[in-house]
Amino acid sequence: MPLGSFASVGFDSKRQRALPIPKASANMKTFTPDSSIASDVIPSANYGERNKGRLPDMIVLHYTGMPDVEGAIAQLCTAGTDVSAHYIVLEDGRIVQCVPEAKRAWHAGVASWAGEEDINSCSIGVEIVNRGHDWGYPEFPLRQIAAVIALCRGIMLRRKVPSHRVLAHSDVAPSRKRDPGEKFPWHSLANSGVGHWVQPAPIVRGEALRLGTISDDVSSLQQALAKYGYSVPVNGKYDGSTMEVVTAFQRHFRPVRVDGVADHSTLTTLQSLLASLSADTKAAATG
Ligand SMILES: [Zn+2]
């Protein structure tokens with residue numbers, strides 16, 4: 001039986017490019033996709049059990065960051081690479097599932113969010129096919145984004161993932177990762193109910209906190225970032241790791257300028273997010 005036998009529903013297979021299925025995956029046991037809009041299953045060899053049966057309540061979005069889709073699928077599915085993701089979203093909007101949601105895929109690496117370090121155990125990993133910063137970083141096609149939105153909406157409903165736990169790989173690993181990057185249209189996702197977003201505050205001239213600043217204002221910034229979930233030291237020093245976290249914050253929430261400088265717009269956007277987060281939490285507690 002060919003893999004991808006689920007694929008016949010919903011699209012014209014003659015017009016689609018065949019999926020590059022790694023040889024090893026063709027011999028692996030397939031499974032029923034968790035998402036009804038996943039058109040194909042390419043089983044990955046790389047996964048394990050979630051720690052202590054932790055149920056996933058987070059979605060981590062990635063880009064593949066490789067020059068071609070064939071290489072990306074091989075990387076995520078072939079034994080020995082030690083990386084995988086639950087889903088791959090192709091540029092044409094097709095969704096491939098590689099690891100069952102119940103299992104722990106290996107996508108986040110060394111990471112942290114809201115005090116939790118085993119991000120692979122608490123999350124669903126979604127790889128979005130895009131060459132990434134090292135290979136020209138093209139725009140994400142609309143139909144690919146529509147597929148990401150539909151996929152995430154389903155996961156959020158099934159797994160009760162709150163909006164503020166739909167995150168970028170760069171949010172949970174700011175010192176190592178840039179994906180899915182500042183071209184990723186988080187505002188479009190939020191318009192469809194996926195992810196937490198407020199309109200970024202406009203950029204204005206004025207004072208800013210930057211690398212080397214030591215002050216109480218830096219402590220306040222660090223506290224606010226930590227309260228939102230970022231792993232950042234609270235020591236009043238605008239050091240290298242603080243700058244990396246501010247950069248990750250900007251890639252996600254104030255993408256028009258990603259420079260690691262905490263200007264007025266960055267600080268105001270962060271405060272607005274925190275305010276809307278506590279409003280959301282109160283609504284959830286009473287709702
Ligand atoms: Zn990633």
Side-chain angles (χ1 to χ4, degrees), residues 22 42 44-48 50 56-78 80-91 95-99 101 103-114 116-141 144-145 147-149 151-152 155 161 164-186 189 194-196 229-231 241 244-253 255 258 260:
I42 301 180
S44 173
N46 308 323
Y47 64 89
R50 293 183 182 275
D57 64 355
M58 177 191 285
I59 299 172
V60 179
L61 301 181
H62 304 257
Y63 65 44
T64 48
M66 292 182 70
D68 60 70
V69 64
E70 290 79 6
I73 292 179
Q75 167 93 353
L76 291 163
C77 296
T78 311
T81 64
D82 288 350
V83 292
S84 62
H86 294 91
Y87 295 97
I88 305 174
V89 181
L90 276 60
E91 286 159 302
I95 298 169
V96 179
Q97 186 165 5
C98 306
V99 175
E101 287 182 8
K103 302 295 182 186
R104 181 177 179 274
W106 303 338
H107 56 96
V110 176
S112 177
W113 188 258
E116 195 166 7
E117 294 195 340
D118 185 355
I119 298 301
N120 285 336
S121 276
C122 70
S123 66
I124 304 278
V126 177
E127 286 279 357
I128 301 159
V129 172
N130 183 293
R131 295 196 300 275
H133 292 88
D134 289 343
W135 302 93
Y137 196 26
E139 301 283 341
F140 295 87
Q144 185 182 35
I145 293 304
V148 171
I149 288 170
L151 174 65
C152 288
I155 298 169
V161 177
H164 61 273
R165 286 176 69 85
V166 181
L167 297 166
H169 195 191
S170 52
D171 290 320
V172 300
S175 62
R176 300 186 302 116
K177 295 294 175 181
R178 293 182 283 180
D179 60 315
E182 61 281 0
K183 285 187 181 174
F184 188 73
W186 290 99
L189 272 70
V194 177
H196 186 208
Y230 288 95
S231 173
S241 42
E244 286 164 355
V245 171
V246 170
T247 304
F249 175 84
Q250 291 171 334
R251 273 191 215 290
H252 186 158
F253 295 108
V258 180

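All ligand and atom numbering here is 1-based and tracks the order in the structure. The chain is numbered in sequence order, starting from 1.
Checking side-chain atoms of Glu127 against main-chain N and O of Val89 turns up no donor-acceptor pair under 3.5 Å. Not a single donor-acceptor pair under 3.5 Å links the side chain of Ser44 to the backbone N or O of Val99.
Under the 3.5 Å distance criterion, with hydrogens and angles disregarded, a donor-acceptor pair is assigned to the side chains of Tyr230 and Asp171.
Distance check for Asp179 against the Zn ion (ligand 1): an N/O/S atom falls below 2.8 Å. Checking His62 against the Zn ion (ligand 1), an N/O/S atom falls under the 2.8 Å cut-off.
Using cut-offs of 30° and 60° for the angle between ring planes, the Phe249 and Phe253 rings count as tilted.
Note on His169: its N/O/S atom closest to the Zn ion (ligand 1) is ND1.
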